[in-house]
Q: 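Please see the structure below; I have some questions.
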Amino acid sequence: MEDTQTELDQLLEGLNEPQREAVTYGDGPLLILAGAGSGKTRVLTHRIAYLIATDHAKPSEIIAITFTNKAAGEMRDRAGLLVGRRVRAMWVMTFHSASARILRAHADKLGFTRQFTIYDQADSRRLVKRCLDDLGIDPKRYTPASIQHQISAAKNSLTSPDEYAQAVGSVYEQVVADVYGSYDRQLLRMNAMDFDDLLVRSVNLLELFDSVRHGYSTTFRHVLVDEYQDTNHAQYRWLQLLAGEHRNLMVVGDDAQCLVEGTLVMMADGSERPIELLNVGDEVLSAYREPARIVRTYRSTDRRDGVRIRTAGGRTLVSTREHTHFAGGLGDNSHQVAVISQVATIEGAPPLPMTPASSVRPGMLMFDAEQEYDVVLEVERVPLTKPVYDLDIEPTHNFIANGIVTHNSIYGFRGADITNILEFEDTFTDAKVIKLEQNYRSTQTILDAANAVIRNNRGQKPKSLWTEIGQGDPIKVRELDDEHAEARYVTGEIQRLIDEGSSRAEIAVFYRTNAQSRVLEDTLVRAEIPYQVIGGPKFYERMEIKDAIAYLTVLVNPQDVGAFTRIVNSPRRGIGSTSLSRVLGHANTVGGSIWDAASEPDQVPGLGAAAIKAFKRFMGTMHTLRERAEQNIPVAKLLNELLEESGYLEWLRAERTIEAQGRIENLEELGNVAAQYDVADTPRDGAEAGAEKSLGEFLQQIALVADADTRSDEEGLVTLMTLHNAKGLEYPIVFMIGCEEQVFPHSRALEEGGLEEERRLCYVGITRAERDLYVTYARTRTVFGARTFGAPSRFVGEIPEDLTDREVQAPRRFASIRARATQWNPPADAEAYEREQPAPTAYRLGDDVVHVAFGDGVVTGLEPGGIVVIRFSKDHSERKLVADLAPISKR
DNA sequence: ATCCTGATTTTTTTT
DNA sequence: AAATCAGGAT
């Protein structure tokens, strides 16, 4: 008894009041709103330990869900420190791992086998492309990427292909609907699921089979979720189903601020105000749409906003989906609910008799007209009957939680749906809300900088983070010549810090895109500083690894066409696309698996003699291997035999290139991973009976562990990663590199109006730092093989001057640039070039210039006719100016 | 069926 | 700069 008491005391020691309250809170739904660095992982892990110590739950009755493997690993480790080996019985994993685990036990109920293959993004993309081809859709007009994105979005909102098809409101959506349907059928046929399916299918499973749901929801007495603000609708539903029995759902969400245009809120004191004027922390009673009229013109050819105008039989029908998506004109993923109220005018047409909308059906209008007209529609934003948070709002993701204005997400691109926090409160009206506001991580300087940056996200002052740690050193902002100079600077500083006694493990470098790591890696290698890259070009995405995995996959899941086509001709065995599609077609007509069809090539009509022979040989070895696989020999052994007997290794050896050598080494590495799996004592993470060790298990494991998630904290490595990966981590010393416009904020995000999300990312980056923060940017950088000149990131400017210690290098001449510029004009064309540009401009690429109105800028391009392209640092615009006429001068 | 060449695209971010 | 792709030559 006394032991228990001291154990509890230890658990609660050093927690502040709200943290302690969260840890010890009893049964029932619990929402934790936690600011950056406020110790939410701590709260989560301590609560887990507390539940066990007080016998609220057995370890096997606890499921803790995170988004990334990294976070899951960290949570597992930290919980392990508190409860010891008992963590093994808990489910501490990502949504996807847990889903896969559940599905593996019950997939047969949904028409899959438990050997189903998991398709990653690339596999899925390929399949989408194939569906496009099959349906004869022009992949130029409808890119696989965009279709895939739409399908993914549909899945994440639990919209089935049928439901999607029902709601189609444009040609584009019709295409998506067609592909979506075909794509899903293909997956089922191939016994495969994509990442989204893992969630969707497990939701289906839990919804359709009471016994299954009952089983899991009774087992999981306590469900805990990290980064709840990043959940999408499917995940929300998933949690609901699992926590439905005991209702012990604890979610932890980060906290910031956002807004929704055109929305009014009722404040706690009864006053009404636009949501734009809310501050984080304000208390709100309710929120609702301000009714508004919008007038928009649609050409009869337009396919925007789901509006369709069709003329047939002397009548014209104007229709929208009932709840169409009126973006700020921006397409499919914005969600202002509106319906057409009436056709205001029809351009170029006499007044026409109209059928009132109501007599057709909402969102439709009909009038008599022989020809198609452009129609000006009056669109009415409908006052909502639902509470405002039933909308998923993009791109800003603003929301109100529990009556308190709060947060957003950096994972908008993945379909994250902030409204879940609201629905949480809606579903669990008795939810307890606890706010964690004190920051235990960073110096006040760093917090002030983060606050200052995030303040630019329209919603004004966020709740300011505060700390007792003290002011700390100023943020070091550095401008360098180019990415190489930047890398050298960072490397030099790291060297210095290490010499002064810092440990390498205390240092992290963040960048926006994975590609940026390369230059830095080069200099780090040269400086002999050990480092690790998190994420990035993934081991499991390498060609040879994917091939090897595809071989294994085919052995386990002979229906997997994707895997089969991948390996059938690598190494080359004389089976080209023609032969393959013959066999594929035959399999389709007969209705058998690709494996079966290929096993009997004689039966395939139109297959050439050479191809038949090739197939026989190939399938011969595959059959032998399959037998071996069924004997359940160790995976590593099977892999080895497979690589030898398929001739894959032989093929690589024959290449005799360094590259092939590298591939062989990678395959050896995969062999090591397999061997490790073979000797591991349990099939990870305990609990589930029947999850015995098998090839299938192995494949699932590596499908979900995207990277060789080997972040070793202990071994004294400097850590490199993208800002996205940095989420949830902290380091004493942080470098944020590549802080230039177009890089960060990223050009593509900028185009799509994702600036605020980028800013949030910047906020995340800054708040990772405990003690020292470096922010660097380069005057020039190579992008897509071409030199570009960038302005410093606006985020740099948003950090108050007095928090920084800015050092800007004197501009250097860009000798190498000029040398390249002359190379661009081949000697033969030199004369023509001269003629076209008679007055050689006084400007060169990279020159600093001053414009009377626009201010400072840099020359980013030269065009014929004496036109210079200048990017201005003031508003980040790029303008083309006539050099001789524009009021500009060199600086 | 395979290989070669020139053209085009690619870089968000994660499971 | 590197990777992927399409079309054509072998």
Side-chain angles (χ1 to χ4, degrees), chain A residues 65-72 93-100 118-126 129 139-140 143-145 149 152 155-156 193-200 227 230-232 234-235 409-416 483 510-519 534-538 540-543 568-581 608 610-611 614 659 700 702-707 709 721-728 738 742-752 754 757-758 760-762 764-765 781-788:
Chain A
I65 293 297
T66 64
F67 268 85
T68 63
N69 291 307
K70 199 143 42 70
M93 53 183 96
T94 64
F95 278 104
H96 292 83
S97 307
S99 298
I118 297 171
Y119 273 26
D120 69 14
Q121 190 121 317
D123 300 328
S124 151
R125 174 87 44 99
R126 242 187 308 267
K129 188 150 181 299
K140 282 270 153 52
T143 64
H149 184 259
S152 174
K155 288 187 174 181
N156 282 327
M193 300 191 202
D194 63 22
F195 280 139
D196 299 322
D197 279 336
L198 294 175
L199 291 164
V200 175
E227 307 285 8
D230 286 342
T231 52
N232 59 41
Q235 287 157 335
S409 154
I410 62 168
Y411 278 120
F413 66 87
R414 204 171 54 192
E483 69 268 32
F510 302 150
Y511 35 80
R512 176 65 232 265
T513 64
N514 280 310
Q516 288 170 260
S517 74
R518 273 188 47 180
V519 180
I534 307 289
K538 309 233 167 72
Y540 290 109
E541 280 169 21
R542 287 163 203 268
M543 191 246 283
V568 70
N569 204 30
S570 66
R572 299 266 125 85
R573 25 177 100 84
I575 300 174
S577 55
T578 324
S579 304
L580 179 62
S581 52
E659 203 193 351
Q700 173 194 312
I702 59 182
L704 293 175
V705 180
D707 197 338
D709 263 287
M721 68 176 103
T722 63
L723 285 153
H724 281 86
N725 266 311
K727 203 168 182 198
Q742 313 299 122
V743 177
F744 184 38
H746 194 275
S747 53
R748 206 117 139 224
L750 242 31
E751 281 165 27
E752 290 164 23
E757 194 159 303
E758 296 285 289
R760 250 170 265 139
L761 199 50
C762 182
V764 167
R781 172 180 301 274
T782 310
V783 182
F784 291 150
R787 192 132 291 258
T788 59

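Chain naming here is simple, since letters A, B, ... match the order of the sequence lines and numbering starts at 1 in each.
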Q: Side-chain contact, heavy-atom cut-off 4.5 Å: A:Y511 with A:T722?
A: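 A side-chain contact exists here, since the closest heavy-atom pair is under 4.5 Å.
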Q: To the nearest Å, how far apart are A:R518 CZ and B:dT11 P?
A: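 Rounded to the whole Å, the gap is 14 Å.
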Q: With sugar-phosphate meaning primed atoms plus P, OP1 and OP2, does A:N569 contact a base, only sugar-phosphate, or nothing at under 4.0 Å between heavy atoms?
A: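 Counting heavy atoms under 4.0 Å across all strands, the contact made by A:N569 is with sugar-phosphate only.
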Q: How close or far is atom C1' of B:dT11 from atom CD of A:E758, stated in whole angstroms?
A: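 After rounding, the gap between these two atoms is 12 Å.
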Q: Figure out the CG/P separation between A:N725 and B:dT13, and round it to whole Å.
A: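 Taking atom P of B:dT13 as the reference, CG of A:N725 is at 9 Å.
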Q: Applying a 4.0 Å non-hydrogen cut-off, can you work out what A:S747 is touching in the nucleic acid: base, sugar-phosphate, or nothing?
A: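 A:S747: no heavy atom of the nucleic acid under 4.0 Å.
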Q: Return the value, rounded to whole Å, for the distance between atom CZ of A:F510 and atom P of B:dT14.
A: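 Between P of B:dT14 and CZ of A:F510: 13 Å.
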Q: Nearest whole Å is fine: how far is B:dT14 C1' from A:H149 NE2?
A: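 Between C1' of B:dT14 and NE2 of A:H149: 12 Å.
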Q: On DNA chain B, nearest-nucleotide positions of A:V783 versus A:D196: which is more 5'?
A: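 This one resolves to A:V783.
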Q: Taking the P atom of each, how far is B:dT11 from C:dA6, in whole Å?
A: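 Straight-line distance between the two P atoms is 16 Å.
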Q: Verify the contact: side-chain N or O of A:N69 to OP1 or OP2 of B:dT14, cut-off strictly under 4.0 Å; return yes or no.
A: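 No, outside the criterion.
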Q: OP1 or OP2 of B:dT15 sitting under 4.0 Å from any side-chain N/O of A:T66?
A: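 No, no such contact exists.
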Q: Looking only at side-chain atoms of A:T513, point me to the closest of B:dA1, B:dT13, B:dT15.
A: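 Looking only at side-chain atoms, A:T513 lies closest to B:dT13.
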Q: Where the side chain of A:K129 is concerned, which of B:dA1, B:dT11, C:dA6 is the nearest nucleotide?
A: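 Comparing B:dA1, B:dT11, C:dA6 against the side chain of A:K129, the answer is C:dA6.
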Q: Kindly indicate whether the side chain of A:L198, heavy atoms from C-beta on, has any atom under 4.5 Å from the side chain of A:I118.
A: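 They are in contact (side-chain heavy atoms under 4.5 Å apart), so the answer is yes.
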Q: Measure the shortest side-chain to side-chain distance between A:S152 and A:D194 over non-hydrogen atoms and say whether it is less than 4.5 angstrom.
A: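 When only atoms from C-beta onward are counted, A:D194 and A:S152 do not touch, as no gap falls below 4.5 Å.
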Q: Check for me: is A:F195 stacked on B:dT14 by the 5.5 Å centroid and 30° plane-angle rule?
A: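 Answer is no, no stack.
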Q: Measure CE/A:M721 against C1'/B:dT11 and give the value in whole Å, please.
A: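 These atoms are roughly 19 Å apart.
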Q: Take A:F67 and A:Q235 through the side chain to side chain contact (heavy atoms under 4.5 Å, CB included) test and state the conclusion after the steps.
A: CA-CA 10 Å; A:F67 268 85; A:Q235 287 157 335; 3.7 Å; yes
Q: Just to be sure I understand the rule, does A:Q516 reach a base, reach only the sugar-phosphate, or reach nothing, if contact means heavy atoms closer than 4.0 Å?
A: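 No contact.
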Q: Can you tell me the distance, in whole Å, between the CZ atom of A:F784 and the P atom of C:dA2?
A: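 So the CZ-P distance, A:F784 to C:dA2, works out to 14 Å.
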Q: Are any of the side-chain heavy atoms of A:L723 and A:F744 separated by less than 4.5 Å?
A: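 In short, these two side chains touch, coming nearer than 4.5 Å.
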Q: B:dC3, OP1 or OP2 - any side-chain N/O from A:R572 closer than 4.0 Å?
A: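 Yes, A:R572 has a side-chain N/O under 4.0 Å of OP1/OP2 on B:dC3.
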Q: To the nearest Å, how far apart are A:R125 CZ and C:dT4 P?
A: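 Going from CZ in A:R125 over to P in C:dT4 covers 13 Å.
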Q: So, is A:N514 near the phosphate of B:dT13, with a side-chain N or O under 4.0 Å from OP1 or OP2?
A: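 A:N514 to B:dT13 OP1/OP2: side-chain N or O found under 4.0 Å.
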Q: Mind checking the C1' distance from B:dT14 to C:dA3? Whole angstroms is fine.
A: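 These two C1' atoms come out 22 Å apart once rounded.
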Q: Looking at B:dT15, I'd like to know if its phosphate oxygens (OP1 or OP2) sit under 4.0 Å from a side-chain N or O belonging to A:S97.
A: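 No, outside the criterion.
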Q: Kindly write out the residues that satisfy side chain to side chain contact (heavy atoms under 4.5 Å, CB included) with A:V743, not counting sequence neighbours, or none if the list is empty.
A: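 Here the qualifying residues are A:Q516, A:E740, A:R781.
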